[in-house]
Amino acid sequence: MTTVRIPADWPGTEEQARAVQDALRARVVLDEPGPPPGTGRVTGVDVAYDDERDVVAAAAVVLDAASLDVVAEATAVGRISFPYVPGLLAFRELPTVLAALDALPCPPGLVVCDGYGRAHPRRFGLASHLGVLTSLPTIGVAKNPFTFAHDTPDTPRGSTAPLLDGREEVGRALRTRDAVKPVFVSVGHRTDLDNACAHTLALTPAHRLPETTRRADALCRRALREAAGA
DNA sequence: GCGACAG
DNA sequence: ATCTTGTCGC
C-alpha cells in the first residue's frame, strides 16, 4: 500500500475544476475500438471514504480477461482532495486511484471505472479523465443514471437503451442480469461504446456489477478499514 | 428560482 | 459514498 499526496496544482474550487475539464476534454480519443473483450487484462478501480477522518483509500485489481482470475492488486491511501460535487467526481477520486495504478506490478490493460466517461455534462467524466491522464483505454460503468434520459431496456440480459443527450448517444443502459436494474455504460478513452458494452457483459457472468468493480470495491474498503477504521 | 444530481 | 438487521433466494 502506498500513501498519496494531493498534487500542488490540484483545483481548489469548482470553477477551477470545470476549467480543467474544459481544457482536457479535447484530448479524449474516440476513434479506437479498444482491446477485444476476453483478451489480455482488465483492471477495476474503486475508492472508499472516511469523511470524518479525512481519509480516502483506492484499489486497483487486475484480472485476466478470459478467466477473470485476479492477476495483481494494489492500494493507496491519502487525504480527501475535493468535496463530492456531481460532475466533478474525478477531482475527489483521481489522485488516489492514480497512485494505486502506479503501484501495480504489471500493465493494467483496459481500466473499468465506477462512474461515467462521456455520459457527463461536459463530456469528461471520471473514466475519460483517468484515460487522458494515463493514456490507458478506459470505460465507465455506473450503478445509477446521471443527467441523461433513457428508456427501460428489455428484460433479458444484454438488452440496452441509449443514454441520450439530445439526439446523441453518450452511453447505454445495459441489462447485465435478466430483469435486474441495468448498469450505465459509457466510453472513457480509446474505446468505443459497442466494445465497452461487450466488455461489461464479459465481466458480468454472475452479478449485476462487473467483477472488476466488485473486486476493487472489496479491496478499497478493506484498505480503508486498515488505514483509518476503528 | 427550484429540483436533480456518478461516488 | 456512508449510516445499518434481518431476511429471502440461488
Side-chain angles (χ1 to χ4, degrees), chain A residues 4 11 14 17-18 20-21 25 28 44-61 75-98 100 111-132 138-150 157 162-165 170-174 176-189 193 196-197 200 204-210 212-225 227-230:
Chain A
V4 204
E14 299 184 19
R18 286 189 203 94
V20 170
Q21 292 181 330
R25 182 177 44 216
V28 177
V45 292
D46 195 18
V47 178
Y49 302 94
D50 184 334
D51 285 275
E52 292 295 301
R53 307 187 185 200
D54 189 37
V55 179
V56 54
V61 180
T75 59
V77 298
R79 296 296 178 188
I80 296 176
S81 54
F82 209 83
Y84 171 64
V85 179
L88 301 178
L89 182 62
F91 298 94
R92 182 167 166 83
E93 307 216 326
L94 281 188
T96 325
V97 167
L98 289 168
V111 179
V112 181
C113 297
D114 213 346
Y116 283 109
R118 289 195 70 213
H120 175 276
R122 284 170 297 283
R123 291 289 189 287
F124 198 69
L126 169 66
S128 298
H129 201 147
L130 179 63
V132 165
T138 62
I139 67 173
V141 180
K143 297 181 284 298
N144 297 293
F146 195 3
T147 54
F148 300 101
H150 66 87
R157 163 179 156 89
L163 262 44
L164 295 175
D165 183 7
V170 295
R172 273 176 208 156
L174 169 66
T176 55
R177 305 293 294 162
D178 292 350
V180 171
K181 174 180 175 173
V183 297
F184 303 87
V185 180
S186 59
V187 165
H189 182 61
L193 189 52
C197 289
T200 303
T204 51
H207 300 278
R208 176 171 86 113
L209 297 179
T212 39
T213 62
R214 289 169 47 78
R215 293 325 246 272
D217 179 79
L219 183 56
C220 71
R221 290 191 197 218
R222 179 151 56 84
L224 180 66
R225 214 182 331 122

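Lettering follows sequence order; numbering is per chain, from 1.
A:Phe148 places its CZ atom 13 Å from the C1' atom of B:dA4, with the value rounded to the nearest Å. Atom pair A:Glu93:CD and C:dT2:P shows a separation of 10 Å (rounding to whole Å applied). Rounded to an integer number of Å, the gap from CG of A:Asp178 to P of C:dG9 is 18 Å. Rounded to whole angstrom, the span from the CZ atom of A:Arg18 across to the P atom of B:dA6 amounts to 15 Å. At whole-Å resolution of the value, CZ in A:Phe91 and C1' in B:dA6 are 14 Å apart. When rounded to the nearest whole Å, the span between CG of A:Asp114 and P of B:dG7 equals 6 Å. Atom P of nucleotide C:dC3 and atom CZ of A:Arg53 are separated by 11 Å, given to the nearest angstrom. For the pair A:Leu89 CG and B:dA6 C1', the computed distance is 6 Å after rounding to whole Å.
A:Pro121 comes within contact range of no nucleotide atom at all, as no heavy-atom separation falls under 4.0 Å. Backbone-only contact: A:Tyr49 has heavy atoms under 4.0 Å from sugar-phosphate atoms and none from a base. Heavy atoms of A:Arg221 sit under 4.0 angstrom from primed sugar atoms or phosphate atoms, though from no base atom. At the heavy-atom level, A:Gly140 lies nowhere under 4.0 Å from the strands shown. Here A:Leu88 lies in heavy-atom contact (under 4.0 Å) with a base. Within the 4.0 angstrom heavy-atom criterion, no nucleotide atom of any strand lies near A:Ala119.
For A:Arg92, no side-chain nitrogen or oxygen approaches OP1 or OP2 of B:dA6 to under 4.0 Å. Taking side-chain N and O atoms only, A:Lys143 has a distance below 4.0 Å to OP1 or OP2 of B:dG7. A:Asn144 has no side-chain polar atom (N or O) that falls below the 4.0 Å cut-off from OP1 or OP2 of B:dC5.
Aromatic ring orientation, A:Phe91 versus A:His129: perpendicular (interplanar angle above 60°, classes split at 30° and 60°).
Nearest heavy-atom pair, A:Leu163 versus A:Tyr116, reported as atom, atom and distance to 0.1 Å: CD2-CE2, 4.0 Å. Listed here is the closest heavy atom pair of A:Gly87 and A:Gln21: O-NE2, 2.9 Å. Closest non-hydrogen pair, A:Val187 versus A:Ser128, comes out as O-OG, 3.7 Å.
With rounding to the nearest 0.5 angstrom, the CD1 atom of A:Ile80 is 4.0 Å from the CG atom of A:Asp51.
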